[in-house]
Amino acid sequence: MSDFKITLEDAIKWITNWRTNLPKEPAKAHLIQKQALLDVMEPSDVVAIRAYMAVDDDGIQKVILVGVDANGQDLIDDNHILVDKSYPCPPNCGIESQLLNLK
């Protein structure tokens with residue numbers, strides 16, 4: 001397991017930050033580490049991932065990933081993790097992509 005786990009308390013706070021004060025310039029994309037996706041998908045009852053937009057305490061836009069079961073329910077308990085460590089673009093855009101340059 002990697003170090004992508006965040007607490008439910010941080011997730012709630014950061015998602016609330018996003019919803020109550022939408023960024024004036026939303027990120028164009030988010031870079032998400034492969035291991036973060038694998039960590040969320042690890043439990044056998046996870047069939048999908050839900051992504052929540054968030055803003056952390058430093059004002060950095062984030063994506064919080066949550067495992068979802070076959071009934072479409074978020075899996076938020078001691079057997080499942082909430083994951084962050086996404087990197088917004090800009091500034092983490094890497095090489096030019098025709099998808100990043102869309103208006």
Side-chain angles (χ1 to χ4, degrees):
M1 179 91 35
S2 62
D3 187 31
F4 297 109
K5 182 178 178 181
I6 64 168
T7 66
L8 177 59
E9 292 76 22
D10 279 343
I12 290 170
K13 184 162 74 168
W14 296 357
I15 292 167
T16 300
N17 288 348
W18 172 271
R19 292 181 181 177
T20 59
N21 191 18
L22 291 174
K24 291 182 175 138
E25 293 186 36
K28 293 180 180 182
H30 288 264
L31 175 68
I32 301 169
Q33 299 294 320
K34 176 180 179 178
Q35 191 60 52
L37 296 171
L38 294 173
D39 289 352
V40 173
M41 295 293 297
E42 186 175 338
S44 62
D45 56 344
V46 174
V47 300
I49 292 176
R50 182 165 285 120
Y52 288 93
M53 302 307 298
V55 174
D56 72 11
D57 295 332
D58 296 322
I60 298 172
Q61 295 176 57
K62 298 288 186 173
V63 174
I64 296 173
L65 305 176
V66 179
V68 176
D69 68 15
N71 296 316
Q73 299 300 311
D74 289 351
L75 296 168
I76 303 173
D77 58 39
D78 291 340
N79 299 316
H80 302 86
I81 65 169
L82 293 111
V83 167
D84 174 45
K85 304 299 187 221
S86 63
Y87 304 95
C89 164
N92 301 288
C93 298
I95 61 172
E96 289 298 314
S97 164
Q98 66 188 66
L99 298 176
L100 291 174
N101 295 322
L102 297 173
K103 300 289 180 198

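These numbers come from a predicted model, not from an experiment.
Atoms CD1 and CD1, from I12 and I64 in turn, are 9.5 Å apart once rounded to the nearest 0.5 Å. Here the CG-NZ distance, from N17 to K62, works out to 12.5 Å after rounding to the nearest 0.5 Å. Distance check, rounded to the nearest 0.5 Å: NZ of K5 to CG of D10 gives 12.0 Å.
Residues W18 and P23 come closest through the heavy atom pair CZ3-CG, 3.2 Å. G67 approaches V46 most closely through the heavy-atom pair CA-CG1, 3.8 Å. Between H30 and M53, the closest heavy-atom pair is NE2-CE, 3.7 Å.
Judged by distance alone, with hydrogens and angles left aside, the side-chain atoms of D56 form a donor-acceptor pair with the main-chain N or O of D58 at under 3.5 Å. The closest donor-acceptor contact from the side chain of S86 to the backbone of V63 lies under 3.5 Å. Between the side chain of D69 and the backbone N or O of N71, at least one donor-acceptor pair lies under 3.5 Å.
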Expected list for residues 74-82: side-chain donor-acceptor pairs under 3.5 angstrom, two or more places apart:
| from | atom 1 | to | atom 2 | distance (Å) |
| --- | --- | --- | --- | --- |
| D74 | OD1 | R50 | NH1 | 2.4 |
| D74 | OD2 | Y52 | OH | 2.4 |
| D77 | OD1 | N79 | N | 2.8 |
| D77 | OD1 | H80 | N | 3.3 |
| D77 | OD1 | H80 | ND1 | 2.6 |
| D77 | OD2 | H80 | ND1 | 3.4 |
| H80 | NE2 | D45 | OD1 | 2.9 |
| H80 | NE2 | D45 | OD2 | 3.1 |

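Not a single side chain to side chain donor-acceptor pair (under 3.5 Å) links N21 to another residue, sequence neighbours left out. Annotation: side-chain contact (heavy atoms from CB on, under 4.5 Å) contacts of A48 (sequence neighbours excluded): V68.
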